[in-house]
Amino acid sequence: MARSKEYRSNVWIDWCPGCGNFGIISALYRALSEMGLDRRKVVLVSGIGCSGKTPHYVNVSGVHTIHGRPIPFAIGIKLSNLDLKVIVHGGDGDLLGIGSGHFVSLGRRNSDITVIMHDNGVYGLTKGQASPTLSKGIKTKGLARPNLQDPINPVALALTSGYTFVARGYAMRTDHLKELIKEAVKHKGSSFIDVLQPCVTYNDVNTVEFYDMRVYLLNEEEDWDPSEVELTEAFEKSLEWGERIPIGVFYKRRRKTFEERIGEQIPKYLEAPPSKEKITINGKPIIDREQFRRIFSRNIVRVLD
Amino acid sequence: MARSKEYRSNVWIDWCPGCGNFGIISALYRALSEMGLDRRKVVLVSGIGCSGKTPHYVNVSGVHTIHGRPIPFAIGIKLSNLDLKVIVHGGDGDLLGIGSGHFVSLGRRNSDITVIMHDNGVYGLTKGQASPTLSKGIKTKGLARPNLQDPINPVALALTSGYTFVARGYAMRTDHLKELIKEAVKHKGSSFIDVLQPCVTYNDVNTVEFYDMRVYLLNEEEDWDPSEVELTEAFEKSLEWGERIPIGVFYKRRRKTFEERIGEQIPKYLEAPPSKEKITINGKPIIDREQFRRIFSRNIVRVLD
Amino acid sequence: MAVDELNFLIGGPQGAGLETTAQVLTFSLAHSGYWVISEREYHSNIRGRHSYIHFRVGRKRPLALTYPLDLLGAMDAETIFTHFKSLEENSYLVYDESSIDKTYKQIPSMEKHLKEILEMEIGEKTVGSIVEYLRSEKGVNTVGINFPKVLSRLSKEFDLSPSQASRYVSSILIGAVSGLMNLKEQSLRKALENRFGGRKKLMKQNLFLIKLVSDSVKEKHGTPIEMNPVRNQERELLVVSGNEIVAMGKLVAGVRYESYYPITPAADECFFLETLDLDSSLVVFQTEDEISAICSAIGAALTGTRSSTSTSGPGFSLMVEALGWAGMNEVPIVITYYQRGGPSTGQPTRGSQSDLLFSIFASHGEFPRIVLSSGDHLEAFKDSVMAFNLAEKYQVPVIHLLDKFLANSIVTMPIPELNLDITRGLVDEKTNAYKRFSLSENGISPRKFLGEEVMWYTGNEHDELGHVSENPDIRRKMYEKRMRKLRLMDKEISQEERAKYYGSEDADFLLVGWGSVKGVCLDAINHMNGAYLHVRFFSPFPRRRVSSILENFDSEKIIFVEHNYIGQLRKLFLMHRLNAGGSIVKYTGRPMYTNELIKGIKTILEKGKRKVVLELGP
Amino acid sequence: MAVDELNFLIGGPQGAGLETTAQVLTFSLAHSGYWVISEREYHSNIRGRHSYIHFRVGRKRPLALTYPLDLLGAMDAETIFTHFKSLEENSYLVYDESSIDKTYKQIPSMEKHLKEILEMEIGEKTVGSIVEYLRSEKGVNTVGINFPKVLSRLSKEFDLSPSQASRYVSSILIGAVSGLMNLKEQSLRKALENRFGGRKKLMKQNLFLIKLVSDSVKEKHGTPIEMNPVRNQERELLVVSGNEIVAMGKLVAGVRYESYYPITPAADECFFLETLDLDSSLVVFQTEDEISAICSAIGAALTGTRSSTSTSGPGFSLMVEALGWAGMNEVPIVITYYQRGGPSTGQPTRGSQSDLLFSIFASHGEFPRIVLSSGDHLEAFKDSVMAFNLAEKYQVPVIHLLDKFLANSIVTMPIPELNLDITRGLVDEKTNAYKRFSLSENGISPRKFLGEEVMWYTGNEHDELGHVSENPDIRRKMYEKRMRKLRLMDKEISQEERAKYYGSEDADFLLVGWGSVKGVCLDAINHMNGAYLHVRFFSPFPRRRVSSILENFDSEKIIFVEHNYIGQLRKLFLMHRLNAGGSIVKYTGRPMYTNELIKGIKTILEKGKRKVVLELGP
Ligand SMILES: Cc1ncc(C[n+]2csc(CCOP(=O)(O)OP(=O)(O)O)c2C)c(N)n1
Ligand SMILES: Cc1ncc(C[n+]2csc(CCOP(=O)(O)OP(=O)(O)O)c2C)c(N)n1
Ligand code: SF4
Ligand code: SF4
Ligand SMILES: [Mg+2]
Ligand SMILES: [Mg+2]
């Protein structure tokens, strides 16, 4: 087991003191170190937001993309290099606001990517507007008026979209979160963790106190086996939000990943995916005239002599 | 009751002979005429695709927008003129592919808009690629290889997103579809109809025969009351897809619309929404210096004499 | 009276087999050694609207399409009403005798505006009276075939239902054309084999019909437009569309990741790649939208994969934000951009060259990019390879501009030379303390790929490691490092490669064009004493070379030829302080034809006009 | 020794109350009749990173910021390390005495690169030694205040915990500055009232602290930078940021729909609109992304609502596709576009003017649009009204360019004149056979609104009714109808409005600029015998006027001033066949300062350089 310090970068973390993101990143450091992953083979992909800064703080490769698009970047990375563990860190605005189309699409593919959502109910970095997970009628500090829109239920949406591993964690329970991250990263397929993340600066409703009072462990208090529960049961469970808020793994299945499906259609794919393929011999194309003629035979006409 | 012919425009319908869209449009003509809606007060908003052409064929106002964006256009229209009945016609690619982010967002708002999805499993107008509703492993005519992606379940997604009226129709059952459309348009709030629409040119799997064998009416064969069923039940029902495919209204609730919510924050809104407000008096701004001083008092400093 | 060259057009409703007709004819002609160029015009519609394919066939390689026609093959009445004016003396019309009573009013698929024009011009005339007019007043040879009768012969012979038989209408046209041209049966057979593969029955039935029609046509009309035999230098010819040749180029270049969201006229390229039977693991990935297409292509590029995405205007408009990320992070990706008629959805299936300035300035902020375009199929092939080489060498996004005209043109050409260079740019070999954005002198920082080393990327301004930095000094240095590549590219990429000159030194005038107008410009100058400056790169712009060429011409003798309204290339010349003369533009969405271009050039040169707008073609 | 003008800067960690300090000082100064201009610099960070506000206060209206400083107010050690070089002889430094042992190495928030520079320049120096160096070697007056001590006095007085008290640090700076400047207590009170509204306790506590500090400072240092009294002509002053003045303009113009997706530096405009207490039903709508923002704004415009959306580069990049739909459908919408540092996420909280050419050419295809920009707050106000008028008159999308510098500048100004025209363009009054896109001679087809009549819109090319048409003739006519508006706008919109000339007729040189460089250019020419050409419209470009002005200057005497690398305005001039001279550019993301601009001008004029890159400001 590598030391968790090895996974920290030298960059000063400029989140607000007390921000829930500190809980998330320390769970991440520990998960990475307990899994002992090769730092070069882990790629964190993030969007824009407070959450989007995560990769710079971690000493594995990081791709800090544009707002809402970490998932599409992640897919391109994963599909072309199967060795990589690809982990997305997105804000709730990032993944469920501007990026919700991609969020839904990833579920359909079951690509082997882990999505960790920093769910703080606000758009942190743009000064506290309502994010898609903020409940209707709530007026957090940064809002001029109470929120007009109903919240998206991230867990329900992930289940509906087809993610094969769907969980919720809480930034202040780093032990539990660390385990969730490990399980999600090890899971083969699209995994999603909705992480309840207090934003001390802008969200004065969903605070640490708020969550501490409500959060309970799915598997502790109930007889909950995520590999066994039906999708509908998991969905129903995901609707629980109020006095009690469950955390843990809601649902888990092993299904063919996107990469495996591609592998069935392209024989060489799993062994030599795009990034591993040779494309030149001595500075010339790998395809010679004979190959060209074979591949494109339908386009070639032999001229009558 | 206006005659259904009055709702036809003079434009030649250039869908393929036998296309399921003919069923949808005739249900629409009839629904409009049975409701006797003022032609000027109905606005059809569409995306791009075979389905996107719908507004031109109907003699009510039509806004044929860009691919994936009919919902955002529709929201702007609705929010600024509450007299209008706004109906979106989108393809499955349009609404659940490129436009799925907007699809999810509309549910969160419960804006009083009806969304009719032409669900043909393919991208018709671009020659038959897989749409997000096509099942995995299927190889329709236009595909080079079997579809790699899992389908989105439109009904489940609508339920998860918060639509307050969620139904499925079938293009070949125009009577039933007509009733669904009427009910959806009358419903206050975001309503969604997933219309199973055979594409005779590209989808040789989900054909008329395919659906005729499978489709059954929710309310006929079961004791199904959409105003009563729990969300979870509706969700579970939506998963039924195979030997039997239910059509009808899955779920229905009356909740505050987005417009009503805005009305609570802006007193004048419901009576004089944006398009109805006067903004000028004799070619000058409605805001005079006194009003300006009142509105912006926090920005104004009286200078010491 | 055998001929050396033939201009013909076949038309019919979308979805009725026109493409089969065209493909079989093209392959037959290629098999007999002739050179073909053809372009397809169609509506944004799947079935029923009028579509046509315009050909030019020659013993020598034809460069562009032109009017009038030598032959019009009409599948239906709409084709006749739409195209009869393109026929002149001694040309041929093939038509369906059973449709002679039709008037244009009975054709629902016909667009209102064309009907209005016909109303004014020909009133209530039937197909029959048009045919009669052509025959008697215009001297057109009319070749009537009773389609239903012919099809019922087929039905009987093979026991097909009428509706089954109606699907073979494409072969009636093949038969008629091959009869009049006296195409070799051997060539036709080869072409049918290619079209129908192993499906023997289809082969047989189509061949039956073709021969039936061909024989009867020959009997009545002889073989009046038989072409003089040719001895082609090539043993094999490639029959290929613009979309396909780009796909071929990409594959040769080593593309291993191509993402796309379906859009006309780009999707056929991706579809073609998908259908190939390859040894390699090329991922062709249909994404949920164009944003995802470009983002995932960028992601793939970061792993060292040659990756690209193909699209047209609406898709590119959505890619603009991520393009900037690629610019900021110096990612080599190739965006293949097929222009079509804009703005917005515009004319989705028609051609245009109106996205040049947009491509050059797309995305907020400033970063180096390469924008180049190809003028014909061979250029498109080579450029598809070069695009990847340059992208990796300079670590910039490359926008490869093409257009619908090229995409949907099918030509015969020799199999291109494959002995091309594949250069992958500077890659870091050291192991320790890797800095992705090291502040190098020429602006190029050695690459490494995700998986090989720990590295960071961000769309924010960043330091050498790729971490966010807002320090003004770092900002300036990184900005300048990126922009230095502009100068480097300008120095290193050959000026001759970037702008090509065709024609004699002492030409009377100079055409200046880009992209697919190359063919028609070359065709025009072959008929006049002109020269053609073909601009291939817009960024980095080959100012030196262009300037030295322009110096040889007076401003009144310089004519820009473009498919847009404002004269975008001309504007770019101005921006580079270059002389700019007159303009010939077209923006109806139809290609430029040699005959109208020549007329346009004359109007400018002889009448001193500054701008001519072309509008030929229905 | 009272002064007429003062340049000062206050700095501290983001989120520690700097904005409160600035607001209170500005309101106090305004209340006393002084004119203020200030600009805020901050990181893309919520708490902890270094931020500062730079002021210029005068008895006359200051036009721009400049260095060196007369006063630096430091909340923390990082401020001192970052800014001490901006102090010169006789200036003042206010600092926390308790921080004197700190070295920059102990400051984690400080960016690596600045540390590296400090390492080279000052090594291990502490705050104390910097202060000592300033005092003894530079002749700076150092005003030490023991922050913790002062705060503990506050704690005791009001029974606050230390952490509560620490939130009042902003008032220490207020106290020190107001002491040195001898600000009127009455003015301070007013300012505090405005800041804290009815919250009496806060008022009292802050006032206590301010007086405490102020008195002690006065005691030790007197009031050395007290300003000469002023008799302001205005009875009231507006204290307003660029974001706010635009919001005010929009409201006056009658905006009733504003959609947005949060983004720096645009969101504050929308937030400001949201907080207003209005009689009217203005909908301010936070959408799920910028695509939705612009699409819904277009939808609203179709109902006759004045509608707009505000964004910056990344958001605008996403709007490009829908912009084309608005162009194709001749929809009047206003896009308020606040430029920030690019490309990509770039420098989200820093300024730039690098999106000019992108704005002009954004979206595939061609369509008329208006692109204009404002140079200062008053212009921004009027332009916000004019933007809607022009959008509706010409039925085109209007892009109103602003930038972060303007957005985040707070100035004092008179309440603007409200007697402006509101013109809504041509509206159809007839009832029957309405054609939305009637082919009118000047390109303007009368509007009607959804709900009033049946009408169709489409992004495809269309006929007069708005139905899709692919007819080449219709295509040409509609295309030309739209493009005719270019000429119409150019004819009708006053050239003088579009490009303004400042300075004497016989100036020695001409600065050419756009947007927020106006102030610094005017300031510079006031110090030299120069003139300034302020270009406000880029489309339609005021060629005639600009050309006639340029004629009066030799090329070597024309200097473009812009916040970008390639000189975008200059390129635009070239494109319009206009003379273009040298360039002064800046791209560090910091504003241009009068002192550096003057130096840059001299370098060009005296040393014959063609390009000068400015880089002042930390
Ligand atoms: C296209 C685009 N639109 C808007 C922004 C501005 N922006 C920066 S961060 C952010 C929201 C962040 O919210 P969230 O994703 O929830 O992340 P958090 O800061 O809360 O972690 C936005 C809208 C942007 N960078 N790009
Ligand atoms: C931004 C953009 N991308 C792609 C396209 C091309 N395009 C036109 S129609 C279509 C798909 C249509 O599929 P669907 O929405 O299912 O409608 P259908 O034709 O099946 O009714 C696409 C991708 C486009 N017009 N705009
Ligand atoms: S604004 Fe909120 S989410 Fe962002 S760093 Fe601060 S506390 Fe964390
Ligand atoms: S392609 Fe399919 S969906 Fe489109 S018109 Fe034809 S049958 Fe209908
Ligand atoms: Mg958030
Ligand atoms: Mg579809």
Side-chain angles (χ1 to χ4, degrees), chain C residues 43-44 111-114 117 313-314 316-318 320-321 324-325 327-328 339 341-348 350 352 354-355 357-358 361-367 458-461 463 469-476 479 483 564-566 571 574-577 587-590 615 617-618, chain D residues 43-44 111-114 117 313-314 316-318 320-321 324-325 327-328 339 341-348 350 352 354-355 357-358 361-367 458-461 463 469-476 479 483 564-566 571 574-577 587-590 615 617-618:
Chain C
H43 285 72
S44 178
E111 280 201 303
K112 199 174 72 174
H113 191 72
L114 181 54
I117 292 176
F316 184 76
S317 278
L318 287 170
V320 159
E321 191 199 2
W325 196 94
M328 185 60 137
Q339 297 165 93
S344 195
T345 311
Q347 293 192 313
R350 311 290 176 174
S352 169
S354 55
D355 303 344
L357 294 170
F358 177 39
F361 297 112
S363 208
H364 56 287
E366 300 169 306
F367 54 91
T458 173
N460 292 58
E461 192 54 276
D463 62 18
S469 172
E470 302 206 15
N471 181 282
D473 194 45
I474 286 284
R475 165 66 164 174
R476 194 175 51 72
Y479 208 137
M483 298 306 265
N564 59 55
Y565 184 99
I566 62 168
K571 289 250 190 281
L574 290 173
M575 202 180 247
H576 287 279
R577 294 174 178 273
Y587 39 85
T588 60
R590 278 58 172 176
E615 48 188 57
Chain D
H43 286 72
S44 178
E111 282 201 304
K112 200 175 71 176
H113 192 72
L114 181 54
I117 292 175
F316 184 77
S317 279
L318 287 171
V320 160
E321 192 200 1
W325 196 94
M328 186 58 138
Q339 296 164 93
S344 195
T345 310
Q347 293 192 313
R350 310 290 177 174
S352 169
S354 55
D355 303 345
L357 294 170
F358 177 38
F361 298 112
S363 207
H364 55 286
E366 301 169 305
F367 55 92
T458 173
N460 291 59
E461 191 56 274
D463 62 18
S469 171
E470 301 206 16
N471 183 281
D473 193 45
I474 286 283
R475 166 63 165 177
R476 193 174 51 71
Y479 207 138
M483 298 306 266
N564 59 54
Y565 184 98
I566 63 167
K571 288 250 190 281
L574 291 174
M575 201 181 246
H576 287 280
R577 293 174 177 275
Y587 40 84
T588 60
R590 277 59 173 176
E615 50 188 57

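Please read these numbers as outputs of a predicted model, since none were measured by experiment. Residue numbers begin at 1 in each chain, while the letters A, B, ... track the order of the sequences.
- When each of C/Phe367, C/Tyr565, C/Trp325 is scored by its heavy-atom pairs under 4.5 Å with chain D, the top score falls to C/Tyr565.
- With respect to chain D, the highest number of heavy-atom pairs below 4.5 Å among C/His113, C/Lys112, C/His43 belongs to C/His113.
- Comparing C/Gly313, C/Gly342, C/Ser352 by how many heavy-atom pairs each has under 4.5 Å with chain D, the most go to C/Gly313.
- The contact between C/Pro348 and chain D is made entirely by side chain atoms (from C-beta outward), counting heavy-atom distances below 4.5 Å.
- Ranked by heavy-atom pairs under 4.5 Å with chain C, the list D/Asn460, D/Leu318, D/Asp355 is led by D/Asn460.
- If you take CD on C/Glu461 and CZ on D/Arg350, they are separated by 12.0 Å, rounding to the nearest 0.5 Å.
- For C/Phe316, no part sits under 4.5 Å from any heavy atom of chain D, backbone or side chain.
- C/Ile566 places a side-chain heavy atom less than 4.5 Å from the side chain of D/Met483.
- Both the backbone and the side chain of C/Glu366 come within contact range of chain D, each with at least one heavy atom under 4.5 Å from a heavy atom of that chain.
- Within the 4.5 angstrom heavy-atom criterion, only side-chain atoms of C/Asp463, from C-beta onward, approach chain D.
- When C/Ala362, C/Ser354, C/Gly589, C/Gly346 are compared by the number of non-hydrogen pairs under 4.5 Å with chain D, C/Gly346 comes out ahead.
- Annotation: maximal heavy-atom pairing with chain C below 4.5 Å, among D/Thr588, D/Leu114, D/Ile117, occurs at D/Thr588.
- Most heavy-atom pairs under 4.5 Å with chain C: of the set D/Gly365, D/Pro618, D/Pro343, this distinction falls to D/Pro343.
- The contact between D/Ser469 and chain C is made by backbone and side chain atoms together, counting heavy-atom distances below 4.5 Å.
- Closest approach of D/Pro472 to C/Gly617, counting heavy atoms only: CG-O, 3.6 Å.
- Highest contact tally toward chain C, considering only D/Gln347, D/Arg577, D/His576, is held by D/Gln347 [criterion: heavy-atom pairs under 4.5 Å].
- In this pair, C/Tyr587 and D/Tyr479 present their aromatic rings tilted. The plane angle is within the 30 to 60° band.
- The shortest distance between side-chain heavy atoms of D/Glu470 and C/Ser44 falls below 4.5 Å.
- A heavy-atom distance below 4.5 Å is found between the side chains of D/His364 and C/Pro314.
- Heavy atoms closer than 4.5 Å to chain D are found nowhere in C/Thr458, neither backbone nor side chain.
- Heavy-atom distances place both the backbone and the side chain of C/Ser363 under 4.5 Å from chain D.
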